[in-house]
Asks: 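Below you'll find the structure I mean.
Just the heavy atoms: all of them, side chains too, but no hydrogens, waters or symmetry mates, feed the values below. Position 1 is the first residue of the sequence; numbering continues from there. Read the numbers this way: they start at 1 and go in the same order the structure lists the ligands and their atoms.
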Amino acid sequence: MEKRKITKTAGIVIDILMYVILLVQMIYVFTGNVVHEILGICFFVCLVGHIVIKRKQLLATFKKGNKSASRRVSDIVTMLLFIAIIALMVSSMGVSRTLFPWFRLAGSTDLHVYLATAVLTLAVLHGGMHGFIRTKKKKLAAALIAAGCAAAIAVGLALVPYLNRHFKTVEIDYSEAVSGEKVSWNGSKPLVVYFTRVGNTDFASDVDAVSGASLMLANGELMGNTQLLADMVSDAVGCDKEAITLTGEKYPSSYSDTVSVAGKELNSGARPGIEKIDVSGYDTVILVYPLWWGTIPMPVAAFLEGCDFSGKTVYLIATQGSSGYGSSVDDIKEMAPGADIKPVMSIYCDDIPDSRQRIGEWLRQTN
Ligand SMILES: Cc1cc2nc3c(=O)[nH]c(=O)nc-3n(C[C@H](O)[C@H](O)[C@H](O)COP(=O)(O)O)c2cc1C
């Protein structure tokens, strides 16, 4: 085969590989972290190959000249894609646990997912524009590009969070995750109060093997995300800790069923029965809660409304699957009148096992 043909075939293979890798990276819930990081390296190796093979076309992107409107759009997309890939590369290293644990710039998982979505969308647009320029069926090409971009955005912003919530099981070493530098607390020690699904759910005995739905195994034991965060706070400050525990019916084992029960509770303003927690002996409460339907779970509402918070300081830590802290802070302010509510720290559920240092720093800054 002549050299030109080999280069062309290599170019096509590399392009296909890059799209496949990008898509596989989106289902990292199933591939796991190590494979995800190695595939990330493979992507960037392919990118170098792509740049070398397509160097003439890429250089033409920066040249002025008599270009058609679609060529100019294609050039802008190529430049944006390049910028997005560089940003994704930095954020990949920032969130890396295995290959670049020492690199801590832009270490936000949310940002990483947004950048990956931007790269996937721009990559679809980039490939689509090449087809658009060549084809005579412009309308069909435009429709396919629009559908491809919409699908790419849906994969990044809807499918990834969905898979995370429904299929993810994280195994951690409990003492490694929880222990860390201590924080000297100004004033009397706070009480940490948390609510989590584990302990308040009728899990089937083999739930971890069956679905793992958004659960954590700490040294083989089922543990809630929020519980782990509460344990980190309690380890850092050396303070008491209480779990909000349902007295009545527990949440169903299935994640989706819990989501729908929680939705009904929110809409009906339900206040499920909980065991009494006495906060009267504490000036400060650190409330750790998961975001449910963009706000606090109703058992947390029952806790807040069942206690007198006037004159107390309340620190908030929220954990979530993508939506920050929603309306939870405003809702908490309404349910705990007279309390001095401090700004919330919101932690993406994936980041929890590595959050001990961040928790310590946050406690030092806020207290
Ligand atoms: C019923 C329910 C509703 C949820 N709603 C949201 C939501 O609106 N936004 C979000 O980002 N995450 C949502 N999540 C994800 C949880 O906030 C996240 O997985 C959290 O880390 C779970 O903590 P836990 O393991 O301590 O229960 C929801 C989870 C459940 C079970």
Asks: Looking at ligand 1, does any of its N/O atoms fall within less than 3.5 Å of an N/O of Asn225?
Replies: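 For ligand 1, there is an N or O atom that lies under 3.5 Å from one belonging to Asn225.
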Asks: Could you tell me whether Asp240 and Lys189 make a salt bridge, using a distance below 4.0 angstrom between a side-chain N and a carboxylate O?
Replies: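 Salt bridge between Asp240 and Lys189, a charged N being under 4.0 Å from a carboxylate O: no.
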Asks: Quick check on contacts: which atoms of ligand 1 are under 4.0 angstrom from a heavy atom of Ala262?
Replies: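 Counting atoms of ligand 1 from 1, those under 4.0 Å from Ala262 are 1 (C).
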Asks: Check Asp354 with Arg356, please: is the shortest side-chain N to carboxylate O separation under 4.0 Å?
Replies: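 Salt bridge: no.
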Asks: Given Val288, Leu291, Thr295, Leu222, which has its nearest heavy atom closest to atom 13 (C) of ligand 1?
Replies: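 Residue with the shortest heavy-atom distance to the ligand atom: Leu291.
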Asks: Is the distance between the ring centroids of Phe303 and Phe309 under 6.0 Å?
Replies: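 Here the rings of Phe309 and Phe303 have centres that are less than 6.0 Å from each other.
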Asks: Near Gly294, which atoms of ligand 1 are under 4.0 Å from a heavy atom of that residue?
Replies: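 Answer, ordered by atom number: 7 (C), 8 (O).
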Asks: For a quick check under 3.5 Å, do Thr98 and Asn33 share a side-chain donor-acceptor pair by atom type?
Replies: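 Side-chain D/A pair, Thr98 to Asn33: present.
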Asks: Which pairs with one or both residues in residues 46-89 pass ring pair (Phe, Tyr, Trp, His ring centres under 6.0 Å), sequence neighbours excluded?
Replies: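 Listed once each, the pairs would be none.
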Asks: Would you mind listing which atoms of ligand 1 come within a distance below 4.0 Å of any non-hydrogen atom of Arg197?
Replies: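 Selected atoms, number and element: 27 (O), 31 (C).
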Asks: If I apply the N/O under 3.5 Å rule, does Pro290 come out as touching ligand 1?
Replies: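 Min N/O separation from ligand 1 is not below 3.5 Å for Pro290.
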Asks: Under 4.0 Å from a heavy atom of Cys349: give me the atoms of ligand 1 that qualify, with their elements.
Replies: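 Near Cys349, meaning under 4.0 Å from one of its heavy atoms, ligand 1 has 21 (O).
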Asks: Please list, in number order, the atoms of ligand 1 under 4.0 Å from a heavy atom of Val259.
Replies: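 So the atoms of ligand 1 that pass are 1 (C), 2 (C).
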Asks: Thr258 versus ligand 1: do any nitrogen or oxygen atoms come within less than 3.5 Å of each other?
Replies: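 No, Thr258 has no N/O under 3.5 Å of an N/O on ligand 1.
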Asks: Quick one: salt bridge (Lys or Arg N to Asp or Glu O under 4.0 Å) partners of Lys241, sequence neighbours excluded?
Replies: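 For Lys241, the residues satisfying salt bridge (Lys or Arg N to Asp or Glu O under 4.0 Å) (neighbours in sequence not counted) are Asp231.
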